[in-house]
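The structure appears right after this line, and notes come after that.
Counting convention: from 1, in listed order, for ligands and their atoms alike.
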Amino acid sequence: MSTPFVVAVPSKGRLQENAESFFARAGLTLSKAGGARDYRGTIAGVDNVEIAYLSASEIAANLARGSVHLGVTGEDLVRESIPDADKRVLMIEGLGFGYANVVVAVPQAWIDVRTMADLDDVASGFREQHNHRMRVATKYINLTRGFFARHGVGDYRIVESAGATEGAPAAGTAELIVDITTTGATLTANGLKVLDDGVMLRSQANLVASRDADWSTGARETARVILDHIAARARASKYREVRTRFAGCNDALLSEAHNRFGVVAPFGGPTSSGMLTLHCPPGKLYALGSFLREHGAETVSVVSLDYVFDRENPLFARLEAFLRQ
Ligand SMILES: Nc1ncnc2c1ncn2[C@@H]1O[C@H](COP(=O)(O)OP(=O)(O)OP(=O)(O)O)[C@@H](O)[C@H]1O
Ligand SMILES: O=P(O)(O)OC[C@H]1O[C@H](OP(=O)(O)OP(=O)(O)O)[C@H](O)[C@@H]1O
Ligand SMILES: [Mg+2]
């Protein structure tokens, strides 16, 4: 048997549940042969695939190394742990969950410090007053260095923090922090505030491909099949299917519907008996239904779509273009 195609899926933490349901929605049923504690799995009906259950940060490291082909992980981890990330990996698609910002946060008591420029002023004076440089607690060492350098802040020292970073200023081990936040509740609870221009990265969970994995013909074919499932689901969730029948439908009407409501006609114009199938963005359904009735439709029905299989597979096309570079 040839070497398996490896897909890395978060095994714990913030992304786990959403990642598993993302694959399930795409019709890819993940199963763990050895039960819940097994860290290897398969996808029903797709041969020669191995699911590797890893933590989100291990997934980023494995993508960098090329020991997994595809993985789901946070953009924050990709950008922090992979130098020159855009060359080593492809973020095929944002998955619409795991939203979080990497931010610079300082004590709320620092009332005069609102921006990175203010922070630069504090940093310069800090060493003279305290005999050491201003300390920034974070696990995002590379992101912090890059962001501070872009803002011309140089007089600081990073204190590496693996957890409970928000507690560092109160504990006296750092003056400020760089960390990830979603609701901001942890920052507030620790008396910290985000600088006005202190959002370093807006992150979400991504489907990521590794350049350095083994992309043999067989592996590419497996990727095509997996991405075909995901693209079909993505296309389906962007639209609802609208069906109607009316005699007066013509090209001008269809193009007006396209321009006004973002509607597409996947099977072409009306059939000889006047039946018409349209795909319409969910937010425009009522407007489209009214428009069709104003122009003579008697009845308009709307249903949800599970999958839309297209000849084009934009996700696989993106992967092929990346591997060709
Ligand atoms: N509020 C949040 N706080 C932290 N991470 C979040 C949040 N919302 C989404 N994420 C995303 O989830 C990713 C994984 O974070 P999480 O703390 O759940 O991982 P973990 O399983 O604890 O891994 P590790 O043991 O490596 O920290 C983050 O890097 C980020 O991309
Ligand atoms: O802005 P909020 O919604 O308050 O979320 C932010 C907090 O959540 C994360 O920790 P997590 O719960 O993942 O614990 P961990 O540090 O042990 O991974 C993160 O490190 C922050 O501490
Ligand atoms: Mg964590």
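- The backbone N or O of Val113 sits less than 3.5 Å from a side-chain atom of Lys193, completing a donor-acceptor pair.
- Counting only residues at least two apart or on different chains, no salt bridge (Lys or Arg N to Asp or Glu O under 4.0 Å) pair has a member in residues 18-28.
- Remark: side-chain polar atoms of Arg293 are paired, donor with acceptor, to backbone N or O of Gly289 under 3.5 angstrom.
- The Leu77 neighbourhood of ligand 1 comprises atoms 29 (O), with distances under 4.0 Å to a heavy atom of that residue.
- To the nearest 0.5 Å, the span separating OH on Tyr99 from OG1 on Thr182 amounts to 11.5 Å.
- With contacts defined as side-chain heavy-atom distances shorter than 4.5 Å, the pair Val300/Thr244 qualifies.
- Ser67 places no side-chain N or O within donor-acceptor distance of the main-chain N or O of Leu63, the cut-off being under 3.5 Å.
- Shown in contact with Ala56 at under 4.0 Å from a heavy atom are these atoms of ligand 1, numbered in order with element: 14 (C).
- Annotation: Lys12 places an N or O atom under 3.5 Å from an N or O atom of ligand 1; distance criterion only.
- At least one N/O-N/O distance between Asp76 and ligand 1 falls below 3.5 Å.
- Residue contacts with ligand 1: Thr181 is placed with no nitrogen or oxygen under 3.5 Å of a nitrogen or oxygen of the ligand (distance criterion only).
- Close approach of ligand 1 to Ala100 is summarised as follows: ligand atoms under 4.0 Å from at least one heavy atom of the residue are 7 (C), 8 (N), 9 (C).
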In sequence, state the C-alpha distance, the side-chain angles, and the governing distance for Ile226 and Val7, and then conclude on side chain to side chain contact (heavy atoms under 4.5 Å, CB included).
-> CA-CA 10 Å; Ile226 291 172; Val7 182; 4.0 Å; yes
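- When non-hydrogen atoms are compared, ligand 2 lies under 4.0 Å from the backbone of Ile180 as well as from its side chain.
- Shown in contact with Glu166 at under 4.0 Å from a heavy atom are these atoms of ligand 2, numbered in order with element: 21 (C), 22 (O).
- Within ligand 1, the atoms closer than 4.0 Å to a non-hydrogen atom of Gly74 are 31 (O), numbered from 1 in the order shown.
- Per-residue contacts place Thr182 under 4.0 angstrom from the following atoms of ligand 1 (heavy atoms of the residue considered): 1 (N), 2 (C), 7 (C), 8 (N).
- Within the listing of ligand 2, atoms 2 (P), 4 (O), 5 (O), 6 (C), 7 (C), 22 (O) sit less than 4.0 angstrom from a heavy atom of Thr186.
- Set against the non-hydrogen atoms of Ser55, the atoms of ligand 1 under 4.0 Å away are 26 (O).
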Would you check, one step at a time, whether the test side-chain hydrogen bond (donor to acceptor under 3.5 Å, both in side chains) holds for Asp76 with Tyr140?
-> CA-CA 8 Å; Asp76 58 321; Tyr140 295 97; 2.7 Å; yes
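- Looking at Arg14 next to ligand 1, an N or O pair under 3.5 Å apart turns up.
- Of the listed residues (Lys139, Lys12, Arg14), the one carrying the non-hydrogen atom nearest atom 10 (O) of ligand 2 is Arg14.
- Between the side chain of Asn48 and the backbone N or O of Val46, no donor-acceptor pair lies under 3.5 Å.
- Under a 4.0 Å criterion applied to the non-hydrogen atoms of Tyr99, ligand 1 contributes the atoms 8 (N).
- Near Ile180, with a cut-off below 4.0 Å to any heavy atom, the atoms of ligand 1 are 3 (N), 4 (C), 5 (N), 30 (C).
- Contact annotation: the side chain of Val136 never approaches that of Glu175 to less than 4.5 Å [non-hydrogen atoms, C-beta and beyond].
- Residue Lys139 has no nitrogen or oxygen atom sitting less than 3.5 Å from a nitrogen or oxygen atom of ligand 1, judged on distance alone.
- Put simply, no part of Gly163 is less than 4.0 Å from ligand 2, judged by heavy atoms.
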Working for side chain to side chain contact (heavy atoms under 4.5 Å, CB included), residues Val9 and Val72 = CA-CA 6 Å; Val9 176; Val72 171; 5.6 Å; no
